[in-house]
Amino acid sequence: MERSDLQSNCPSCGNILIGDLYAGEVLCPSCGLVVLEQIEDIGPEWKAIDPEDKANRVRVGPPRTISLHDYGLSTDISSDMKDSQGQYLKPDTRTQFHNLQKWQRRIRISPSERSLSHSLAKINEVSQMMNLPKNVSETAARIYRESARLKVARNKSISGMTAASVYIACRKCGVGRTLKDISRSTHLDKRTVAKYYRILIKNVEKEYIPLPPIHKYISKLVNISKIDPKVERLALQLANKTNSSSFLVGKSPAGLAAAYIYISSVLLGSEMHQKEIADIAEVTEVTIRNRCREILDNYAIKQILYPQ
DNA sequence: ATGGTTTTTACTGCGTC
DNA sequence: GACGCGGTAAAAACCAT
């Protein structure tokens, strides 16, 4: 899918928004409005390779989703007591349908599925609260299902497991959310989420999921605050040129992103203070200073910006 | 549990407004 | 004197083993 397909407009001034639609972080370049709205259903969840394929796969009804316990495939018995023509039902058929409804509720969620349904609802709730795109909640749901299937979720706290699933889904989908972000939204201790994260990594999602690249962090910090897009551009440029350096490995991405933003804001003569950036990035000023020193000790700015 | 690494806390001195 | 910045030592947190 092309980036240009994802364009949308600012609700306040109508300008075209910039940013990472998949990450759910969008910014209006002219009025500075940060649109954290979830971009729903960006496109079909499948790719049509050729026209024939496309024709075969067209279907009626909402897309199948793995974030509902029955994949959204169950039949609903309407509760408005009308028939297909819109006529009200006769009293005796009414009671009949009432009973049908009752039984459907009982059958649809079997006891074994009740906890799964509860967990998936929780995942959807958290995702919605954090304005995460749909692909993240679907991925989280998939991970949780898998953990349930492998019986990893047995005797574990549902909130912990769902939070960890969402965190892993964010990493898999390249959405720059930290453990801290997740724990804040779920009202769980960061260590608790980390604990369940490790359980999932060990048993379900075994292959290593790389952390989102620094530029995602930079954009995220810019989007949640009122940082000048010019500063962002320069920060991204600096990050690009120095990113592969060995002295940066093992350092927290948030601290690094903060340092790039700080250096950029100083170069552009803006009024941003260390404290401000530190608060946005949720690191301390000391960490920013240390990263800045390392970057500036190893590179001359001129050399970064204008390499020979 | 442990040891190595990174971040935070708390405190200092310096220059500027 | 308040503020922003730069630095340091020690505590705390984190991570792999």
Side-chain angles (χ1 to χ4, degrees), chain A residues 143 147 152 156-157 159-161 163-172 175-218 220-222 224-228 230-232 234-235 238-239 242-304:
Chain A
I143 293 165
S147 77
V152 174
K156 306 282 191 319
S157 102
S159 49
M161 289 299 282
S165 303
V166 171
Y167 177 59
I168 294 182
C170 284
R171 293 206 25 188
K172 277 187 95 82
V175 175
R177 295 295 147 81
T178 62
L179 219 43
K180 226 182 226 167
D181 294 331
I182 305 281
S183 62
R184 206 186 353 252
S185 298
T186 54
H187 306 293
L188 289 169
D189 188 59
K190 193 179 153 197
R191 296 161 164 213
T192 316
V193 185
K195 191 175 86 187
Y196 289 105
Y197 164 72
R198 278 195 296 273
I199 291 171
L200 285 176
I201 287 295
K202 206 166 187 178
N203 299 292
V204 186
E205 287 290 322
K206 292 177 185 169
E207 85 275 26
Y208 176 71
I209 314 156
L211 279 166
I214 299 295
H215 68 255
K216 290 255 178 194
Y217 283 87
I218 294 176
K220 179 191 169 193
L221 296 186
V222 170
I224 61 176
S225 62
K226 283 207 208 109
I227 296 174
D228 189 348
K230 272 190 225 154
V231 173
E232 177 189 19
L234 185 58
L238 292 173
T242 58
N243 221 357
S244 52
S245 305
S246 57
F247 64 91
L248 299 178
V249 301
K251 303 297 197 297
S252 85
L256 263 172
Y260 283 123
I261 290 174
Y262 180 65
I263 294 175
S264 308
S265 79
V266 169
L267 286 175
L268 293 173
S270 100
E271 300 286 305
M272 292 220 87
H273 296 144
Q274 289 181 1
K275 180 85 174 71
E276 252 179 286
I277 297 171
D279 285 346
I280 295 163
E282 296 184 286
V283 296
T284 58
E285 294 144 275
V286 180
T287 305
I288 294 185
R289 290 201 281 268
N290 288 336
R291 290 302 87 75
C292 283
R293 188 158 24 123
E294 285 157 14
I295 294 166
L296 298 174
D297 281 354
N298 286 277
Y299 288 92
I301 287 293
K302 241 163 109 186
Q303 167 197 337
I304 305 176

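All chains are named by letter (A, B, ...) in the order of the sequence lines, taking the proteins before the strands, and each is independently numbered beginning at 1.
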Regarding A/Tyr217 and A/Thr178, do their side chains bring together a donor and an acceptor under 3.5 Å, going by distance alone? no

Under 4.5 Å between any side-chain heavy atoms of A/Arg293 and A/Arg291, yes or no? no

Select from A/Met272 and A/Asn290 the residue whose nearest nucleotide in DNA chain C is closer to the 5' end of that strand. A/Met272

Atom pair distance, as rounded to whole Å: CG in A/Leu248 and P in B/dT6: 11 Å

Measure from the side chain of A/Arg291, starting at C-beta and using heavy atoms only, and say which of B/dT7, B/dT8, C/dC5 lies closest. B/dT7

By the definition side chain to side chain contact (heavy atoms under 4.5 Å, CB included), identify the one residue from A/Ile288, A/Leu234, A/Ile214 that meets it with A/Tyr260. A/Ile214

Those residues of residues 199-213 of chain A lying under 4.0 Å from DNA chain C by at least one heavy atom: none

Interatomic distance, A/Asp279 CG vs B/dT8 C1' [rounded to whole Å]: 14 Å

Between A/Ser185 and A/Ile182 (side chain of the first, backbone of the second, donor and acceptor by atom type, cut-off under 3.5 Å), is there such a pair? no

A/Gln274, nearest nucleotide to its side chain (from B/dT8, B/dT7, C/dG6): C/dG6

Nearest-Å distance, CZ (A/Arg198) to C1' (C/dA13)? 12 Å

Comparing A/Glu285 with A/Ala194, nearest DNA chain C nucleotide closer to 5' gives the residue A/Glu285

Whole-Å gap separating C1' (C/dC5) and NE2 (A/His273): 10 Å

Between C/dT8 (C1') and A/Arg293 (CZ): distance, integer Å: 9 Å

Can you find a pair of side-chain heavy atoms, one from A/Ile277 and one from A/Leu221, that are under 4.5 Å apart? no

Going by an N to O cut-off under 4.0 Å, is there a salt bridge joining A/Glu282 and A/Arg184? yes

Minimum-distance nucleotide to A/Arg191 side chain [options: C/dC5, C/dG7, C/dC14]: C/dC14

Contact under 4.0 Å: A/Thr284 side-chain N or O vs B/dT7 OP1/OP2: no

Any residue meeting side chain to side chain contact (heavy atoms under 4.5 Å, CB included) with A/Val152, in chain and number order, not counting sequence neighbours: A/Ser147, A/Leu150, A/Met161, A/Ile199, A/Asn203, A/Val204

Atom CZ of A/Phe247 to atom C1' of B/dT5: distance rounded to whole Å? 17 Å

Could you tell me the separation between the CD1 atom of A/Ile288 and the P atom of B/dT8, rounded to a whole number of Å? 10 Å

Which nucleotide, C/dC14, C/dT8, B/dT7, lies nearest any side-chain atom of A/Lys251? B/dT7

Taking atom P of B/dT5 as reference, at what distance in whole Å does atom CD of A/Glu294 sit? 14 Å

Between C/dG7 and A/Arg289, counting only base atoms on the nucleotide and side-chain atoms on the residue, is there a donor-acceptor pair under 3.5 Å? yes

Any A/Lys190 side-chain N or O less than 4.0 Å from OP1/OP2 of C/dC14: yes

